[in-house]
Amino acid sequence: MNREILKIAIQKSGRLYEDSVQLLKECGIDLRNVKDRLRTVSENFPLEVFFLRDDDIPEYVEDGVADIGIVGQNVLLEKARSIQQVEALGFGKCRLSIAVPKSEQYAGLKSLQGKRIATSYPKLLGAFLKQNAITATVHEISGSVEIAPGIGLADAAADLVSSGGTLFMNGLKEVEVILESQAVLVAGNELSVEKRDILNQLLFRIRSVRKAKKSKYVLMNVPNERLKEVLPLLPGMRSPTVLPLAESGWSSVHSVLDEDEFWTRIEQLKSAGAEGILVVPIEKLIL
Ligand code: PRT
Ligand code: ZN
């Protein structure tokens, strides 16, 4: 019996909080009283959850206060702690971009030469400028970066963008993308064998949940004489399942489709003779 417990740090409140808690729940990990708590221990999985500010998570994981954590890649890379990314989680997607006033003529990176750029990501911005041989003044501010150009504090801003609405409202336009980011699972470098084992169990669950989300279970009725047109369109886990219907001459065909190819396949299936196509979500997918 494994008595070790894996400690995970997640954001206490903010944009990653809901999705992080939801992911753990979808992995079948019971978490009670998560609101307004500093930490909680799961009753059915060897996991203790710490709720922290996202900026502090890399340091806590490096120091071993937490074994693993969930943070944005933007935070992971800016903090540059000695920890590893173990898995991209597909939520909290955004980009770190440079924006300039809308009215400005932007003629590529050279337009940034000699400018003052406000940001909360001095390391990432500095590295980007260096890589592109641009000399500019990096002006570090901790919040509301998007207002800096408007009040004359800087000529440009480097900030996180998702919809672009904030930039737009502040009279800015996005001109360069420094980093495409999403939430990732990170781990310290020195986990014990027991903790690695728990991490692997958690990763297995995370991957099953994420694969399931990207897949749909599809059922359809097909006249037997058209099966040879329909079946090649279906991948299935190994191959599609074909069951006879009560009405002779017809079959029920079951398969699993990737969400990305879903709509094109459905059209093709209809023209190949499939009828009564039923699409159902999958909760978990174990390969
Ligand atoms: O309190 P704590 O320090 O934990 O939270 P925080 O305020 O530092 O972070 P929070 O909750 O705002 O964001 C946590 C993480 O979510 C970030 O580190 C990113 O990895 C991710 N994320 C995803 C975002 C956004 N999308 C995002 N749009 N983080 C911030 N924004 C902000 C951005 O800074 C700008 O102010 O939203 C505004 C832009 O949004 P749009 O939609 O108008 O473009
Ligand atoms: Zn923060």
Side-chain angles (χ1 to χ4, degrees), residues 1-12 15-34 37-52 54-77 79-93 180-217 235-238 256 258-260 281-287:
M1 186 64 199
N2 202 330
R3 259 171 288 121
E4 283 260 35
I5 201 164
L6 189 73
K7 295 176 286 183
I8 184 170
I10 66 171
Q11 197 187 19
K12 183 170 170 50
R15 288 168 197 267
L16 303 183
Y17 168 79
E18 295 280 350
D19 286 329
S20 303
V21 168
Q22 165 97 8
L23 177 67
L24 295 176
K25 288 191 172 162
E26 284 170 348
C27 287
I29 297 168
D30 270 351
L31 297 176
R32 306 230 168 108
N33 311 319
V34 289
R37 290 278 298 267
L38 291 177
R39 57 206 267 190
T40 185
V41 177
S42 170
E43 286 174 21
N44 67 351
F45 192 81
L47 192 73
E48 178 168 17
V49 186
F50 289 73
F51 300 94
L52 299 167
D54 67 345
D55 316 70
D56 297 334
I57 292 176
E59 184 180 346
Y60 278 112
V61 172
E62 183 183 60
D63 293 349
V65 175
D67 303 305
I68 61 172
I70 296 178
V71 280
Q73 273 166 323
N74 51 304
V75 171
L76 170 67
L77 297 171
K79 300 292 176 188
R81 295 282 176 170
S82 145
I83 57 179
Q84 321 153 21
Q85 172 175 328
V86 239
E87 187 83 354
L89 299 174
F91 60 84
K93 287 192 175 162
E180 296 278 357
S181 179
Q182 61 177 299
V184 290
L185 189 70
V186 295
N189 293 328
E190 283 162 34
L191 297 194
S192 65
V193 175
E194 291 83 358
K195 286 187 174 185
R196 281 244 156 248
D197 189 44
I198 305 170
L199 173 57
N200 285 336
Q201 290 173 42
L202 178 65
L203 266 177
F204 178 77
R205 293 189 187 194
I206 290 176
R207 288 174 184 154
S208 305
V209 167
R210 295 206 54 220
K211 250 184 245 130
K213 275 198 180 149
K214 286 177 64 188
S215 308
K216 300 277 180 249
Y217 193 76
M237 300 282 282
R238 276 191 194 280
V256 174
D258 200 275
E259 196 171 48
D260 299 337
I282 298 172
E283 193 175 314
K284 308 226 167 31
L285 188 63
I286 319 290
L287 293 180

Q: May I have the step-by-step check of side chain to side chain contact (heavy atoms under 4.5 Å, CB included) for Gln201 and Phe45, ending in yes or no?
A: CA-CA 10 Å; Gln201 290 173 42; Phe45 192 81; 3.7 Å; yes
Q: What's the verdict on side chain to side chain contact (heavy atoms under 4.5 Å, CB included) for Ile29 and Arg205, showing C-alpha distance, side-chain angles and the deciding distance?
A: CA-CA 10 Å; Ile29 297 168; Arg205 293 189 187 194; 4.2 Å; yes
Q: Check whether Gln11 reaches the backbone of Leu16 with its side chain - one donor and one acceptor, N or O, closer than 3.5 Å.
A: yes
Q: Heavy-atom count check: over 12 atoms from other residues, nucleotides or ligands less than 6.0 Å from Lys284 NZ?
A: yes
Q: Please tell me if the side chains of Val75 and Ile57 come closer than 4.5 Å, counting only heavy atoms from C-beta onward.
A: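 Side-chain contact under 4.5 Å: no.
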Q: Under a 3.5 Å distance rule, please check whether Ser20 uses its side chain to pair with a backbone N or O of Ile10 as donor and acceptor.
A: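 Judged by distance alone, no pair lies under 3.5 Å.
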Q: Once you round to the nearest 0.5 Å, how far does CD of Gln182 lie from NZ of Lys93?
A: 5.5 Å
Q: Passes side chain to side chain contact (heavy atoms under 4.5 Å, CB included), Val49 versus Ser42? Steps please.
A: CA-CA 8 Å; Val49 186; Ser42 170; over 6 Å; no
Q: Can a donor-acceptor pair be found, under 3.5 Å and without considering hydrogens, that links the side chain of Glu48 to the backbone of Lys7?
A: no
Q: Any side-chain heavy-atom pair from Leu185 and Leu199 closer than 4.5 angstrom?
A: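 Result yes, sub-4.5 Å side-chain heavy-atom pair found.
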Q: Taking atom OG of Ser181 and atom CG of Leu76, what is their separation to the nearest 0.5 Å?
A: 9.0 Å
Q: Are more than 12 heavy atoms, taken from residues, nucleotides or ligands other than Arg196, located less than 6.0 Å from that residue's CZ atom?
A: yes
Q: If we only count heavy atoms from C-beta on, is the Glu4 to Ile198 side-chain gap below 4.5 Å?
A: yes
Q: How about Arg207 and Glu87: do any of their side-chain heavy atoms sit closer than 4.5 Å?
A: yes
Q: Compare every heavy atom of Gly188 with every heavy atom of Val61, then report the nearest pair and how far apart it is.
A: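 Between these two residues, the closest heavy atoms are CG1-N, 3.4 Å.
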Q: Would you find a donor on one side and an acceptor on the other, under 3.5 Å apart, between the side chain of Gln84 and the backbone of Ala187?
A: no
Q: Is the closest side-chain heavy-atom distance between Val71 and Pro58 below 4.5 Å?
A: yes
Q: Per the salt bridge (Lys or Arg N to Asp or Glu O under 4.0 Å) rule, what does the pair list look like for residues 16-30, sequence neighbours excluded?
A: Glu26-Lys213, Asp30-Arg32
Q: Output yes when a side-chain donor or acceptor of Asp63 lies under 3.5 Å from a complementary backbone atom of Val65, and no otherwise.
A: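 Side chain of Asp63 to backbone of Val65, a donor-acceptor pair under 3.5 Å: no, none is there.
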Q: Would Glu59 and Lys79 count as a salt bridge (charged side-chain N to carboxylate O under 4.0 Å, His left out) if you check the C-alpha gap in whole Å, the side-chain angles of each, and the deciding distance to 0.1 Å?
A: CA-CA 8 Å; Glu59 184 180 346; Lys79 300 292 176 188; over 6 Å; no
Q: Show the nearest heavy-atom pair for residues Ala66 and Ala9, with the distance to one decimal.
A: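 Looking at all heavy atoms of both residues, the shortest contact is CB-CB, 3.8 Å.
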Q: Would you check if the side chain of Arg210 reaches a backbone N or O of Leu89 as a donor-acceptor pair within less than 3.5 Å?
A: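 It does hold such a pair.
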Q: Please determine whether side chain to side chain contact (heavy atoms under 4.5 Å, CB included) holds for the pair Phe51 and Thr40, giving the CA-CA distance in whole Å, both sets of side-chain angles, and the decisive distance to 0.1 Å.
A: CA-CA 9 Å; Phe51 300 94; Thr40 185; 3.9 Å; yes
Q: What pairs meet the salt bridge (Lys or Arg N to Asp or Glu O under 4.0 Å) rule with one or both residues in residues 64-76, with sequence neighbours excluded?
A: Asp67-Lys195
Q: Using modelled atom types and a 3.5 Å cut-off, is there a donor and acceptor pairing between side-chain atoms of Asn44 and backbone atoms of Gly28?
A: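 Checking the backbone N and O of Gly28 against the side chain of Asn44, a donor-acceptor pair under 3.5 Å is found.
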Q: Please report the closest heavy-atom contact between Ser215 and Leu285, naming both atoms and the distance.
A: OG-CD2, 3.6 Å
Q: To the nearest 0.5 Å, how far apart are CZ in Arg39 and CG in Leu52?
A: 10.5 Å
Q: Atom CD1 of Ile8 and atom CD1 of Ile68: how far apart are they, to the nearest 0.5 Å?
A: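 Between Ile8 CD1 and Ile68 CD1, I get 3.5 Å after rounding to 0.5 Å.
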